Amino acid sequence: MKKTYAAITAVGSYLPEYVLTNQELSQMVDTSDEWIMTRVGISERRILKGEGMGSSDMGAKAVLQLLEKSGTSPDEIDLLICATVTPDHPFPATANIIADKVNIRHAQGFDINAACSGFMFALDVAAKFIECGSKKKVIVVGCDKMSSITDYTDRTTCVLFGDASAAVLLEPTEEAMGVMDSNLHSDGFGRHHLIMKAGGSVKPASHATVDAREHYIYQEGQTVFKHAVSKMADAAVDIMDRNQLKSEDIAWLVPHQANLRIIEATGNRMGLPKEKVMINIHKYGNTTTATIPLCLCELESELKKGDNLILAAFGAGFTWGSVYVKWAYDAK
């Protein structure tokens, strides 16, 4: 009996129209284009505007594009997993809301929260459903409205984040293509360094928590940077070693877009030239769960069947890891 693999067979994305530039941010907080570009490499980011608009609105548009591109009916989808840290509501799951908005009526759906590593964690779970034969068509969508939890009076964090959504379709194949291996980790020791302090069961919303601005992202930048540089690169190199992949075997590194210096450090550890590293952080900032699939969407036309891709990320939790994907199709 042949092994079943979970292949990525289509991608889709959505970017809000509003562009928040470094110049506009410099009028809101004490910062500058030079300061932002030097430290994180971000020039602009997209912001979702509109009353009552949430992560599901972006996620639905990415899924609709994916369904249209692949010629897939909503009724064919067996499972929809949404990776997000900015759900529309604490419950129901944003995956269920997206399914309703795109008319997916017969699928299982749930959310995964692994912060900036969320897309990779969701991709790994989705692949397991495919590999065991439980599901045939699975959508993984990463969507985050980071502007909803960003404090635009905090110059250390407000320059980093943007809003976006991107999705992939997974299907079974007996070809050795798709999700080949995963190397994922989490450790709660870092939970205090990157966190939204209030709004959960430990510290429910109150006048005091709102006044203290505890419903926004809190980050100890130097600590997070130090761990991200080492752990993201280590995970990428480890997955190469255990699959006997050398740098010349890798077509692309697809890194989480949090900081240009972290991305460059990971590529250097892998022995890859800049031309093999997907980078769009300068245009969109850190869109959290959407960064990796957004890279795949943007460079879909350059991906070739059989290309070896290494996905790598680091996020709050701490969470980190890598996924080895062999690309399964040539873009039309």
Side-chain angles (χ1 to χ4, degrees), residues 8 11-16 45-48 54-63 65-66 79-90 93-99 109-127 138-150 157 160-170 179 182 184-186 194-196 217 219 224 228 232 254-259 262-263 278 280-281 283-298 311-323 325:
I8 294 175
V11 295
S13 64
Y14 174 75
L15 289 160
R45 64 290 290 149
R46 301 296 183 94
I47 303 296
L48 182 66
S55 293
S56 71
D57 295 289
M58 296 187 294
K61 289 181 179 180
V63 170
Q65 185 187 85
L66 179 152
L79 170 64
L80 191 153
I81 305 176
C82 176
T84 186
V85 298
T86 55
D88 283 18
H89 311 281
T94 300
N96 304 153
I97 301 171
I98 292 171
F110 55 86
D111 291 355
I112 283 183
N113 180 349
C116 294
S117 306
F119 175 79
M120 293 198 316
F121 278 51
L123 185 69
D124 184 54
V125 171
V138 179
I139 291 174
V140 177
V141 54
C143 54
D144 272 303
K145 185 184 177 183
M146 295 305 293
S147 61
S148 68
I149 58 170
T150 297
T157 57
L160 302 175
F161 297 99
D163 304 337
S165 177
V168 300
L169 176 64
L170 292 172
V179 178
S182 60
L184 304 174
H185 307 272
S186 56
L194 183 50
I195 189 173
M196 189 167 76
I217 300 160
Q219 175 174 266
V224 173
M232 196 162 133
V254 191
H256 170 55
Q257 309 286 306
N259 182 301
I262 297 171
I263 293 169
M278 292 190 184
N280 61 17
I281 187 173
K283 295 188 289 184
Y284 309 125
N286 182 352
T287 58
T288 307
T289 61
T291 64
I292 287 176
L294 190 57
C295 282
L296 296 176
C297 288
E298 281 216 311
L311 284 52
F314 179 90
F318 290 139
T319 60
W320 70 95
S322 58
V323 176
V325 172

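Below, each value reflects all heavy atoms present in this structure, side chains not excepted, and no hydrogens, waters or symmetry copies. Everything quoted here is computed from the prediction, not taken from an experiment. All residue numbers in this chain count up from 1 along the given sequence.
When side chains are defined from C-beta on, I112 does not count as touching T289, because their heavy atoms never get closer than 4.5 Å. The shortest distance between side-chain heavy atoms of I217 and L194 falls below 4.5 Å. Side-chain contact check for L160 versus N259: every heavy-atom pair is 4.5 Å or farther apart. L311 places a side-chain heavy atom less than 4.5 Å from the side chain of L123. C295 has its side chain within reach of Q257: a pair of non-hydrogen atoms, C-beta onward, lies under 4.5 Å apart.
Scanning for side chain to side chain contact (heavy atoms under 4.5 Å, CB included) contacts around T288 gives V85, C116, D144, M146, F161, N286, with sequence neighbours left out. Residues satisfying the side-chain hydrogen bond (donor to acceptor under 3.5 Å, both in side chains) test with D57, not counting sequence neighbours, are K101. Judged as a side chain to side chain contact (heavy atoms under 4.5 Å, CB included), and not counting sequence neighbours, the contacts of A126 are I81, V138, V140, L170. Applying the ring-ring contact (aromatic ring centres under 6.0 Å, His included) test to F314 and every residue at least two apart in sequence or in another chain returns F318. Not a single side-chain hydrogen bond (donor to acceptor under 3.5 Å, both in side chains) links S186 to another residue, sequence neighbours left out. Applying the side chain to side chain contact (heavy atoms under 4.5 Å, CB included) rule to A167 yields the partners A62, V63, L66, I139, V141; only residues at least two apart in sequence or on another chain are considered. Taking T319 as the reference, S117 meet the side-chain hydrogen bond (donor to acceptor under 3.5 Å, both in side chains) condition, with sequence neighbours excluded. Residues satisfying the side-chain hydrogen bond (donor to acceptor under 3.5 Å, both in side chains) criterion with K283, sequence neighbours excluded, are E298. The side chain to side chain contact (heavy atoms under 4.5 Å, CB included) search around P16 returns Y14, R46, L48, M58, D163, not counting sequence neighbours.
Between the CH2 atom in W320 and the CE atom in M232 there is a gap of 13.5 Å [rounded to 0.5 Å]. Between T86 atom OG1 and K145 atom NZ the span is 8.5 Å, to the nearest 0.5 Å. Note that the CG atom of L169 and the CG atom of L80 stand 10.5 Å from one another [nearest 0.5 Å].
Distance alone, capped at 3.5 Å, is enough to place a donor-acceptor pair between the D88 side chain and the S55 backbone. With hydrogens and angles disregarded, no donor-acceptor distance shorter than 3.5 Å links the side chain of S165 to the backbone of S13.
Closest approach of A312 and I292 over heavy atoms only: O-CD1, 3.7 Å. Closest heavy-atom contact between G109 and A95: C-CB, 4.1 Å. The minimum heavy-atom distance linking A122 with A83 is given by the pair CB-CB, 4.2 Å. Closest non-hydrogen pair, I98 versus C82, comes out as CD1-SG, 4.1 Å. Nearest heavy-atom pair across H256 and A313 is CB-CB, 3.6 Å.
With F119 as reference, V168 is the one residue of D124, L294, T84, V168 to meet the side-chain contact (heavy atoms from CB on, under 4.5 Å) rule.
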Kindly determine whether T291 and N280 satisfy side chain to side chain contact (heavy atoms under 4.5 Å, CB included), including the steps that lead there. CA-CA 8 Å; T291 64; N280 61 17; 5.7 Å; no
